[in-house]
Amino acid sequence: MTPHVILRVVSKLLIPLIAMFAFYVQFHGDYGPGGGFQAGVILAAAVILYALIFGLDEAKKAIPPSWVRIGMTLGVLLYGGTGVVTWLLGSEFLSYGVLTPDHPSHGQHYGILAVELGVLLAVASVMLAIFYAFGSRQPELSDEDW
Amino acid sequence: MVPTILLDVGLMAMLVVVAFAIVRLKSLFAIVMLQGVYSLVSAAWFVSLDAVDVAFTEAAVGAGVSTVLMLAAMLLADRESRPVPISRQIGPLIIVMVAGFAMFAAIGDMPAFGDPHSPANQYVGMNYIDQTAEEIHIPNVVTAVLASYRGYDTFGEAVVIFAAGLGVLLLLGLNGNAGKWRAQPNGIRISSASAPAARKRPMPEDAPKPPSKPKSTPKRKSSPKTTRKSTGGKS
């Protein structure tokens, strides 16, 4: 893995940009194309690229598998929890308008934000979890073996 | 209008070429890479059809993550697909031809692209487009439909993704160490005892160590021809 100097340098430059772009896609989803699902996949892709270049063990140090496990449950719980909150506030499941009774459209914004955050967490964590599960199951390959 | 049609036809032709290449190839590594190419070309095609959100997802999931996951899965299996005898190809061929013929027969019933009277452009879809601006106050109708109007569906989607991840974790374990297992990629035998995640545990004597120099392993299954093909780009 040591000889790939160009790959390492370029990916070191790119990985933070990819992660930033994921959050741009996440929070700009109300205005442009994108949203939690796409952002989650892009965020996972940043970590997967890191694992491909620097090795799976390094990636697991950066994003420990336990975080991934917690993240995937937290994401689904955040989505469902938003629904339960609207429920407790006396409206239907996942009707966000009730979050701010004075301005229903503001409530919609908050609700969409929370829900998309849940999707981001769930998708990014699940993608990483599947990658970790498969990637840990084989020895690292030398370049010739590809 | 004409250049757009040319672009669409060109992209479709590329998809067909890539699909035929995938069918004809035997090297699984090349097939996985071509599947990534297929996803990327179809993403470009979705952009040409103005479905930017779908294109975004296709490029990120199809060309990005799923290619890596397929590679990771392929590394646990053989590098080459085994040829299937002709006698076993006839049944699938008949099914594919019948299904393909049915689809071609159904094309006549499809509404034209962008037809304002098609079912997709009437009824509830129009309501979403009309009311998003005053009810939700966000410019992107796709996000409004996805997260608010169809929040139930998206919740179901999130749960499906969660269930998929849970299934993989139950089968393989987060560190790839669930249960006892053995795989023989490329003739190199690896097992639960020799996988990198299990390195810290005491290693049984009979289990082969993770091969640092697989070149010297004489048990390789792949023919020298494919080995040359797959490493040719790097030498």
Side-chain angles (χ1 to χ4, degrees), chain A residues 25 29-38 41-42 44-45 48 52 56-57 60 65-66 68-69 72-73 75-76 79-80 83 93-97 104-106 108-109 111-112 115-116 118-119 122-123 125-127 129-146, chain B residues 29 52-53 55-57 60-61 64-65 68-69 72-73 75-76 134-140 142-144 146-148 151-152 154-155 157-159 161-162 164-166 168-169 171-178 181 183 185-186 188 190 194-197 210-215 230-231 234:
Chain A
V25 169
D30 295 359
Y31 303 97
F37 194 85
Q38 289 93 332
V41 176
I42 293 171
I48 289 176
L52 288 181
L56 194 62
D57 292 338
K60 279 186 177 171
S66 55
V68 169
R69 205 172 47 201
M72 57 192 261
T73 36
V76 175
Y79 202 131
F93 189 69
L94 289 177
S95 61
Y96 318 120
S105 64
H106 287 191
Q108 291 282 353
H109 284 197
I112 289 176
V115 158
E116 294 270 19
V119 174
V123 170
S125 307
V126 167
M127 294 292 162
I130 295 176
F131 176 70
Y132 280 172
F134 274 103
S136 306
R137 230 172 154 95
Q138 65 238 335
E140 291 222 352
L141 290 176
S142 61
D143 286 347
E144 289 79 25
D145 202 35
W146 281 100
Chain B
F29 179 72
V52 192
D53 282 85
F56 217 146
T57 316
V61 180
V65 174
V68 174
L69 292 182
L75 287 179
L76 291 170
E134 53 182 282
E135 280 183 0
I136 303 190
H137 279 292
I138 62 172
N140 188 358
V142 177
T143 302
L146 200 81
S148 185
Y152 276 32
T154 311
F155 184 47
E157 245 172 69
V159 173
I161 291 167
F162 176 72
L166 202 64
V168 170
L169 290 196
L171 286 173
L172 299 184
L174 195 47
N175 288 313
N177 53 4
W181 55 275
N186 225 13
I188 306 162
I190 56 171
S194 63
S212 51
K213 280 181 193 160
K215 258 190 169 174
S230 54
T231 56
K234 277 165 192 158

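All of these numbers come straight from a predicted model, not from anything done at the bench. Each chain gets a letter, A, B and so on, in the order the sequences are listed, and its residues count up from 1.
- By the side-chain contact (heavy atoms from CB on, under 4.5 Å) test, A:A45 is found to be paired with B:V65, residues two or more places apart in sequence or in another chain being considered.
- Looking at A:S95, there are no atoms closer than 4.5 Å to chain B (heavy atoms on both sides), in backbone or side chain.
- Closest of all the heavy-atom pairs between A:A133 and B:V168 is CB-CG1, 3.8 Å.
- When all heavy atoms of B:T57 and A:Q38 are compared, the closest pair comes out as OG1-NE2, 3.1 Å.
- In this view, A:Q108 and A:Y96, B:I136, B:S148 satisfy the side-chain contact (heavy atoms from CB on, under 4.5 Å) rule, not counting sequence neighbours.
- Using a 4.5 Å cut-off between heavy atoms, A:I48 touches chain B through its side chain atoms alone.
- Taken to the nearest 0.5 Å, the CZ atom of A:F134 stands 8.5 Å off from the CG atom of B:L171.
- Options B:L166, B:T154, B:V159 differ in how many heavy-atom pairs under 4.5 Å they form with chain A, and the most are formed by B:T154.
- Between chain A and the options B:L69, B:V52, B:L146, B:V142, heavy-atom pairs under 4.5 Å are most frequent for B:L69.
- Rounded to the nearest 0.5 angstrom, A:M72 CE and B:I161 CD1 are separated by 10.5 Å.
- In terms of heavy-atom proximity, B:G165 sits nearest to A:V126 at CA-CG1, 3.7 Å.
- For A:Y79, the parts lying under 4.5 angstrom from a heavy atom of chain B are both the backbone and the side chain.
- The two residues A:V76 and B:A158 make their nearest non-hydrogen contact at CG2-O, 4.0 Å.
- Of the residues considered (A:T73, A:V68, A:V123), A:T73 shows the highest number of contacts with chain B, using heavy-atom pairs under 4.5 Å.
- Annotation: the span from B:T143 atom OG1 to A:Y31 atom OH amounts to 10.5 Å, rounded to 0.5 Å.
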